[in-house]
Asker: 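Below you'll find the structure I mean.
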Amino acid sequence: MNPSIIEVRNLITSFGETLIHDHINCTVKKNEIYALLGGSGSGKSTLMREMILLERPESGSIHVLGHDLSTLTPLEAAELRRSWGVLFQSGALYSSLTVGENIALLYNEYTDLSPKLIDELIRLKIDLVGLPPHAKYLYPSQLSGGMVKRAALARALALDPKLLFLDEPTSGLDPLSSRQFDALIQQLRDLLGLTVIMVTHDLDTIHRIVDRFTLLGEKKVIAEGTLDEVLRVDHPIVDYFFQRGAYGITR
């Protein structure tokens, strides 16, 4: 049986008087590509931020790799953060640093590796995400949108994480680049044994590489499961996302 890597139970999130999540539940299993799907304001990005300790819910629980995030000490939280890598929507690369220097930040912060070994690892990660060797010396402003995503992905993979979190990974990419990036994520999942959690609204990505997903709406989980399982759910939000989408799917 495929074990659970992340478990969200009865989660409530509020920002002031605004309720974002109302007792939501979802489960991410080991080695799957799992998506958080929903409209603007549905709380999908907030949920991912809570999973990576950037936000705190009002109540309920999130367990990641067996750890209850609400009970971690600062030292335990710092150690757990080494278990995941994060690719933010814009890439979030430091514009004043080269690609190589951006990746090196993680090694300098979290390891005591020699400069020579760090340089070798940087070259390895750059090659892993399909960038040319000279990309190490380029600044973010010298990269195309697709290359920025790949460079940020190389940085996210620097510490060989078990979990990879992606925030709108194909946002801003042309259709060909989007397909290539999806294929890269799937290849890395298979090669490295990763569990991938992504925030997305891209139906092409859902169809191409996502194993299971949660559809958020009305402050709740509308449906969770494979695409076939979700499409069997009778709900207007499911209709909106899939029946009126580019695929013309019907139940």
Side-chain angles (χ1 to χ4, degrees), residues 4 6-29 32-52 54-55 57-60 62 86-90 145 149 164-183 185-186 189 195-251:
S4 299
I6 300 176
E7 294 185 352
V8 177
R9 295 291 176 263
N10 296 314
L11 199 74
I12 298 176
T13 305
S14 296
F15 295 145
E17 297 297 318
T18 303
L19 181 63
I20 307 298
H21 301 137
D22 185 10
H23 292 90
I24 67 171
N25 299 275
C26 61
T27 302
V28 181
K29 299 178 181 178
E32 71 179 350
I33 299 177
Y34 187 97
L36 304 173
L37 180 67
S40 178
S42 63
K44 56 188 185 295
S45 293
T46 298
L47 178 55
M48 191 185 84
R49 289 173 64 84
E50 289 170 339
M51 290 177 177
I52 59 176
L54 293 180
E55 302 277 0
E58 184 175 321
S59 64
I62 302 176
V86 184
L87 169 59
F88 294 100
Q89 182 174 347
S90 64
K149 298 278 188 179
L164 180 61
F165 291 91
L166 311 173
D167 187 9
E168 299 284 5
T170 58
S171 175
L173 299 182
D174 63 75
L176 176 58
S177 296
S178 179
R179 287 195 298 272
Q180 291 173 337
F181 199 82
D182 281 346
I185 294 301
Q186 195 167 42
R189 186 274 304 267
T195 300
V196 180
I197 304 94
M198 66 169 66
V199 171
T200 186
H201 64 271
D202 190 332
L203 293 184
D204 289 317
T205 296
I206 296 292
H207 279 254
R208 278 195 293 258
I209 66 169
V210 169
D211 297 307
R212 292 190 314 120
F213 62 95
T214 283
L215 176 60
L216 295 171
E218 300 175 345
K219 304 175 178 57
K220 297 183 180 293
V221 170
I222 301 301
E224 181 186 30
T226 65
L227 179 59
D228 287 342
E229 290 168 343
V230 170
L231 289 175
R232 289 197 291 268
V233 175
D234 185 7
H235 195 283
I237 291 180
V238 177
D239 295 342
Y240 175 79
F241 270 97
F242 296 102
Q243 289 189 6
R244 301 182 198 174
Y247 297 93
I249 298 172
T250 58
R251 285 192 300 275

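These figures come from a predicted structure and were not determined experimentally. Just the heavy atoms: all of them, side chains too, but no hydrogens, waters or symmetry mates, feed the values below.
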Asker: Check whether any side-chain heavy atom of V8 lies under 4.5 Å from a side-chain heavy atom of M51, and answer yes or no.
Answerer: yes

Asker: Which atoms form the tightest heavy-atom contact between P169 and V199, and what is the distance?
Answerer: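 Closest pair (atom of P169, atom of V199, distance): CD-O, 3.5 Å.
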
Asker: List the atom of F213, the atom of L37, and the distance in Å for their closest heavy-atom pair.
Answerer: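 Smallest heavy-atom distance, with atoms named: CE1-CD2, 3.9 Å.
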
Asker: Among V221, N10, T214, L11, which residue meets the side-chain contact (heavy atoms from CB on, under 4.5 Å) test with N25?
Answerer: N10

Asker: Rounded to the nearest 0.5 Å, how far apart are CG of D239 and CG of L231?
Answerer: 9.5 Å

Asker: Once you round to the nearest 0.5 Å, how far does CD1 of I62 lie from CZ of R9?
Answerer: 11.0 Å

Asker: Taking atom NE2 of H201 and atom CG of L203, what is their separation to the nearest 0.5 Å?
Answerer: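 Result: 8.5 Å between the selected atoms.
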
Asker: Given side chains that start at C-beta, do those of L227 and V210 come closer than 4.5 Å, heavy atoms only?
Answerer: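 SC-SC contact between L227 and V210 ruled out.
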
Asker: Find out whether I206 and F241 are in side-chain contact, i.e. whether some heavy atom of one side chain is under 4.5 Å from a heavy atom of the other.
Answerer: no

Asker: What pair of heavy atoms forms the shortest contact from C26 to L47, and how long is it?
Answerer: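 Closest pair (atom of C26, atom of L47, distance): SG-CD2, 4.3 Å.
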
Asker: Decide yes or no for D204 and S178: does some side-chain heavy atom of the first lie under 4.5 Å from some side-chain heavy atom of the second?
Answerer: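 Sidechains of S178 and D204: no contact.
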
Asker: Mind listing the closest non-hydrogen atom pair of R208 and Q186 along with its distance?
Answerer: O-NE2, 4.2 Å

Asker: K220 side chain to H23 main-chain N or O, any donor-acceptor pair under 3.5 Å?
Answerer: no

Asker: Does T205 reach the side chain of F181, with side-chain heavy atoms less than 4.5 Å apart?
Answerer: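 Sidechains of F181 and T205: no contact.
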
Asker: Has the side chain of T170 got a donor or acceptor atom that lies under 3.5 Å from a matching backbone atom of L173?
Answerer: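 Side chain of T170 to backbone of L173, a donor-acceptor pair under 3.5 Å: no, none is there.
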
Asker: For the residue pair T200 and A35, what are the closest heavy atoms and their distance?
Answerer: CG2-CB, 4.0 Å

Asker: Once rounded to the nearest 0.5 Å, what's the spacing between atom NE2 of H21 and atom CG of L216?
Answerer: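 Here the interatomic distance stands at 6.0 Å.
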
Asker: Report the distance from atom CD1 of I185 to atom CG of L164, rounding to the nearest 0.5 Å.
Answerer: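 Separation between the atoms: 5.5 Å.
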
Asker: Supply the atom-to-atom distance E168 CD to D202 CG, rounded to the nearest 0.5 angstrom.
Answerer: 8.5 Å

Asker: Heavy atoms only: give me the nearest I237-L215 pair and the separation to one decimal.
Answerer: CG2-CD2, 3.9 Å

Asker: A quick test of your reading: do over 12 heavy atoms of other residues, nucleotides or ligands sit less than 6.0 Å from NZ of K29?
Answerer: no

Asker: With a 4.5 Å heavy-atom cut-off, do I20 and E50 have their side chains touching?
Answerer: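 With C-beta onward as the side chain, the pair stays apart.
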
Asker: Can you check whether I12 reaches L19 side chain to side chain, under 4.5 Å on heavy atoms?
Answerer: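 Counting from C-beta outward, I12 and L19 do come under 4.5 Å.
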
Asker: For the residue pair T46 and F15, establish whether any side-chain heavy-atom pair is separated by less than 4.5 Å.
Answerer: yes

Asker: Does any donor atom in the side chain of E55 or T13 lie under 3.5 Å from an acceptor atom in the other side chain?
Answerer: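 Not at all, the side chains of E55 and T13 share no donor-acceptor pair under 3.5 Å.
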
Asker: State whether the side chain of K44 and the backbone N or O of L36 hold a donor-acceptor pair below 3.5 Å, judged by distance alone.
Answerer: no

Asker: Under a plain distance cut-off of 3.5 Å, with no hydrogens placed, do T27 and Y34 share a side-chain donor-acceptor pair?
Answerer: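 No, because no side-chain N or O of Y34 sits under 3.5 Å from a partner of the opposite role on T27.
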
